[in-house]
Amino acid sequence: TMPLSTGLENYKKAAAKVQLYPSPVEDYLHIQGAQGSVYRVQLYDIYGNLVKQELTEEQVDMSNLKSGLYIVVMEDLSTMQRIQKRVIKM
């Protein structure tokens, strides 16, 4: 029989390939992922409000955001794979 692949397995593999650092972040959140990938990055506050959105390959400027917990939703524009991670802004 053929092994079945679930969306959750694909999500976990994609999320493991992308690293966000530092956390906590002061100014710039750096993205380490597949070389040459461009990401649509959306930052949400703890209330679910979209506070920032941009296209980037390497980093997001968070210097003008308030301290707190943010949800980072990233979409790789070449694969359309979406991942979600949490970061703390100091």
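One-based numbering along the sequence shown.
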(request) Would you give the length of the straight line joining atom CG of L55 to atom OH of Y39, rounded to the nearest 0.5 angstrom? (result) 13.0 Å
(request) Please confirm whether the backbone N or O of Q32 pairs with a side-chain atom of K17, one donor and one acceptor, at under 3.5 Å? (result) no
(request) Starting at OG of S23, measure out to NZ of K89 and round the result to the nearest 0.5 Å. (result) 11.5 Å
(request) Run through the side-chain heavy atoms of Ile, Leu, Val, Met, Phe, Trp and Tyr, join any pair under 4.5 Å, and report what else lands in Y28's cluster. (result) none
(request) Kindly indicate, with the supporting measurements, whether the criterion side-chain contact (heavy atoms from CB on, under 4.5 Å) is fulfilled by V25 and M90. (result) CA-CA 6 Å; V25 61; M90 292 184 64; over 6 Å; no
(request) Taking S63 for its side chain and D27 for its backbone only, find out whether a donor-acceptor pair lies under 3.5 Å. (result) no
(request) Report yes if the side chains of I31 and V41 come closer than 4.5 Å at any heavy-atom pair, otherwise no. (result) yes
(message) Using every non-hydrogen atom in the two residues, find where T56 and E58 come nearest and quote the distance to one decimal.
(response) OG1-N, 3.2 Å
Anything under 3.5 Å between a donor and an acceptor, one on a side chain of residues 44-54, the other on a protein residue two or more places apart or in another chain? List them.
from, atom 1, to, atom 2, distance (Å)
Y44, OH, Q42, OE1, 3.4
D45, OD1, Y47, N, 2.9
D45, OD1, G48, N, 3.1
D45, OD1, N49, N, 2.9
D45, OD2, N49, ND2, 3.3
K52, NZ, D61, O, 3.2
Q53, OE1, Q42, NE2, 2.6

(request) Could you pull out the closest heavy-atom pair between L20 and M74, with the gap in Å? (result) CD2-SD, 3.7 Å
(request) Would you check if M62 and V87 make a side-chain contact, meaning some heavy-atom pair closer than 4.5 Å? (result) yes
(request) With rounding to the nearest 0.5 Å, note down the distance linking CD in E26 to CD1 in I88. (result) 13.0 Å
(message) Applying ring pair (Phe, Tyr, Trp, His ring centres under 6.0 Å), can you list everything that pairs with Y21, at least two apart in sequence or on another chain?
(response) H30
(request) Any chance you could lay out the side-chain contact (heavy atoms from CB on, under 4.5 Å) test for Q84 and I71, step after step, and finish with the verdict? (result) CA-CA 7 Å; Q84 178 177 305; I71 306 299; 3.5 Å; yes
